[in-house]
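Lettering follows sequence order; numbering is per chain, from 1.
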2 protein chains.
Amino acid sequence: MRILIVEDEPGIYNFLKQGLEEESYAVDIAEEGKKGLQLALSGEYDLLLLDWMVPGMSGIEICRQFRKEFKDTPVIFLTAKDTVDETIFGLQAGANDYIKKPFHFEELLERIKVQLRPKSGEHSIFKLGNITLNTTTHQVLKAEEVISLTQKEFALLEYLMRNKGIVCRRSRIIESVWDIHFEYNTGVIDVYINALRKKLKLGEDENYIQTVRGVGYVAKEI
Amino acid sequence: MRILIVEDEPGIYNFLKQGLEEESYAVDIAEEGKKGLQLALSGEYDLLLLDWMVPGMSGIEICRQFRKEFKDTPVIFLTAKDTVDETIFGLQAGANDYIKKPFHFEELLERIKVQLRPKSGEHSIFKLGNITLNTTTHQVLKAEEVISLTQKEFALLEYLMRNKGIVCRRSRIIESVWDIHFEYNTGVIDVYINALRKKLKLGEDENYIQTVRGVGYVAKEI
DNA sequence: TTTGCTCGATGAGAATTTTAATCGTAGAAG
DNA sequence: CTTCTACGATTAAAATTCTCATCGAGCAAA
């Protein structure tokens with residue numbers, strides 16, 4: 001597995017390079033933005049680690065450009081900033097995950113493994129209209145805005161978005177999201193659908209989560 | 001797959017026999033208790049459906065005797081009673097599940113399938129000292145007493161009991177029971193261990209859930 | 001043995017999740 | 001077209017789950 005690190009501080013990239021090579025990844029470094037993008041676009045890498053701020057071109061811009069060509073290669077941001085405003089753009093630019101400096105190497109390794117594991121098919125980012133849902137970071141955006149959801153709300157939305165366009169029966173939802181296998185006689189789903197619609201502010205014009213009377217719900221782009 | 005039904009009411013057993021045969025199970029009937037046990041002990045069956053009350057010998061007694069010989073063959077009770085007192089004995093006798101009359105055939109079928117599915121290895125009943133935990137019915141007994149646990153309490157206890165004798169690290173517990181994969185910096189486990197010890201009334205003498213300092217917890221029979 | 005430090009126990013409060021009851025509306029029946 | 005019924009929407013309250021702060025015990029170092 002080949003990893004490209006775009007990062008200008010030798011202290012950090014040497015530390016990373018050594019650690020990752022011990023884990024038997026092949027690691028290349030780019031200290032400058034344009035060079036980084038150029039290398040990334042060569043298509044030889046299985047994963048990108050981008051620093052937020054690099055000379056020449058921002059990590060975000062590299063990510064955006066890279067995404068145009070490579071839809072499935074995971075991108076992880078290394079960032080000192082954890083303000084909401086900043087991470088939004090990272091996610092919008094198509095990043096799969098981000099990690100705040102300073103971080104434990106172990107944790108970064110874990111996240112790299114998570115991203116490389118599925119490789120075949122499994123996606124971590126789902127879109128529905130102007131809603132973006134990222135399963136690794138557990139974040140949801142509507143347009144520019146971060147929507148804060150609880151565990152169950154997130155799980156339900158994820159289920160619906162994974163099955164975009166397909167009508168989801170209540171019984172299946174209960175099985176997948178709530179792990180209940182007999183007895184579908186509960187109203188929880190309705191309550192959570194309600195909460196989602198409210199938090200996502202889905203009005204008449206943006207009715208992304210539609211009710212299918214007698215059956216269940218569908219996520220649809222109208 | 002062969003199923004033995006021990007039940008004296010023709011109305012019920014004919015209905016069951018027909019339905020199950022349509023699902024391509026081989027079905028035998030015993031209308032009387034002793035005969036039922038004798039057939040069961042022949043070892044030709046993959047699953048037993050026992051009525052609570054049959055002439056000659058109670059379903060419970062059949063179950064108990066049967067369990068001595070066959071540890072892994074699933075037993076499901078058909079019962080009109082749903083009082084706590086009664087079902088306790090069923091579970092103590094080693095039943096894997098029970099269903100209350102009147103029941104929908106679909107539901108019984110579901111439960112039969114659940115019991116037959118794992119077949120290889122997977123158990124649904126776990127013991128730890130005088131504690132019995134049944135994963136299909138989601139019930140826990142301590143001696144004669146039913147212990148009412150919440151979902152999470154149950155899930156944690158199940159995890160510990162599945163790993164009886166093995167020290168469970170916090171990180172593994174968090175992954176399995178809570179499905180959290182990074183960040184182990186939460187105290188939830190402790191809180192739930194505390195709740196379990198309280199509800200199960202584990203004193204000094206019955207310290208079935210032991211703390212392993214710096215690592216996690218073990219379920220042990222002292 | 002004593003001291004200090006870390007980790008687990010415990011309890012209380014906040015947040016989430018679930019249940020339950022009521023209201024409104026779509027679709028069926030008349 | 002009107003009425004009835006059943007299902008979903010919605011709200012409030014109960015139960016569970018989680019977080020946080022404090023306390024106490026175990027272990028190591030002096």
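For residues 130-142 of chain B, the pairs satisfying salt bridge (charged side-chain N to carboxylate O under 4.0 Å, His left out) are K142(B)-E206(B), with sequence neighbours left out.
For T211(A), the side-chain contact (heavy atoms from CB on, under 4.5 Å) test picks out R197(A), Y217(A), with sequence neighbours left out. Legend: residues meeting side-chain contact (heavy atoms from CB on, under 4.5 Å) with E221(B), ordered by chain and number and at least two apart, are L128(B), K164(B). Scanning for side-chain contact (heavy atoms from CB on, under 4.5 Å) contacts around E21(A) gives K17(A), V27(A), with sequence neighbours left out. By the ring-ring contact (aromatic ring centres under 6.0 Å, His included) test, F66(A) is found to be paired with F70(A), residues two or more places apart in sequence or in another chain being considered. Taking Y25(A) as the reference, nothing meets the ring-ring contact (aromatic ring centres under 6.0 Å, His included) condition, with sequence neighbours excluded. When the ring-ring contact (aromatic ring centres under 6.0 Å, His included) test is applied to F126(A), no partner is found at least two apart in sequence or on another chain. Take F15(B) and apply the ring-ring contact (aromatic ring centres under 6.0 Å, His included) test, not counting sequence neighbours, and it matches F105(B). With sequence neighbours excluded, the residues satisfying salt bridge (charged side-chain N to carboxylate O under 4.0 Å, His left out) with K199(A) are E153(A).
Close to dT16(D), at under 4.0 Å from its OP1 or OP2, lies no side-chain N or O of K152(B). Contact between the side-chain N/O atoms of T186(B) and the OP1/OP2 oxygens of dT19(D) is found at a separation under 4.0 Å.
Between the CG atom of N194(B) and the P atom of dA12(C) there is a distance of 12 Å, rounded to whole Å. In this structure, the CD atom of Q151(A) is 11 Å from the P atom of dT18(C), given to the nearest Å. Regarding W178(B), its CH2 atom lies at a distance of 15 Å from the C1' atom of dT16(C), rounded to whole Å. If you take NZ of K199(A) and P of dA15(C), they are 12 Å apart, rounded to a whole angstrom. Atoms CD1 (I193(A)) and C1' (dT10(D)) sit 14 Å apart, rounded to a whole Å. One atom, CG of L149(A), and another, C1' of dT16(C), lie 13 Å apart when rounded to the nearest Å. Between F154(A) atom CZ and dT17(C) atom P the separation is 13 Å, expressed in whole Å. In this structure, L156(B) places its CG atom 15 Å from C1' of dT16(D), rounding to the nearest Å.
Among dC18(D), dT19(C), dA9(D), the nucleotide with an atom closest to any side-chain atom of V188(B) is dC18(D).
Taking the six-membered ring for Trp, W178(B) and Y159(B) have ring centres at least 6.0 Å apart.
Judged by closest nucleotide on DNA chain C, K198(B) is the one of K198(B) and V191(A) placed further toward the 5' end.
Taking CG of L49(B) as the reference point, atom CG of L16(B) lies at 6.5 Å (rounded to 0.5 Å).
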Considering only nitrogen or oxygen atoms on both sides, find all protein atoms under 3.5 Å from nucleotides 28-30 of chain D and state each distance.
none

For nucleotides 2-8 of chain D, give me every protein contact, N/O to N/O, under 3.5 Å, one pair per line with atom names.
unit_1: dC7(D); atom_1: O4'; unit_2: R213(A); atom_2: NH2; d: 3.4
unit_1: dG8(D); atom_1: OP1; unit_2: G214(A); atom_2: N; d: 2.9
unit_1: dG8(D); atom_1: O5'; unit_2: R170(A); atom_2: NH2; d: 3.4

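A 4.5 Å side-chain heavy-atom check between V75(B) and R67(B) finds at least one atom pair inside the cut-off.
Axis angle across the helix from dT1(C)-dA30(D) to dG30(C)-dC1(D), with five pairs used at each end and values rounded to 10°: 30°.
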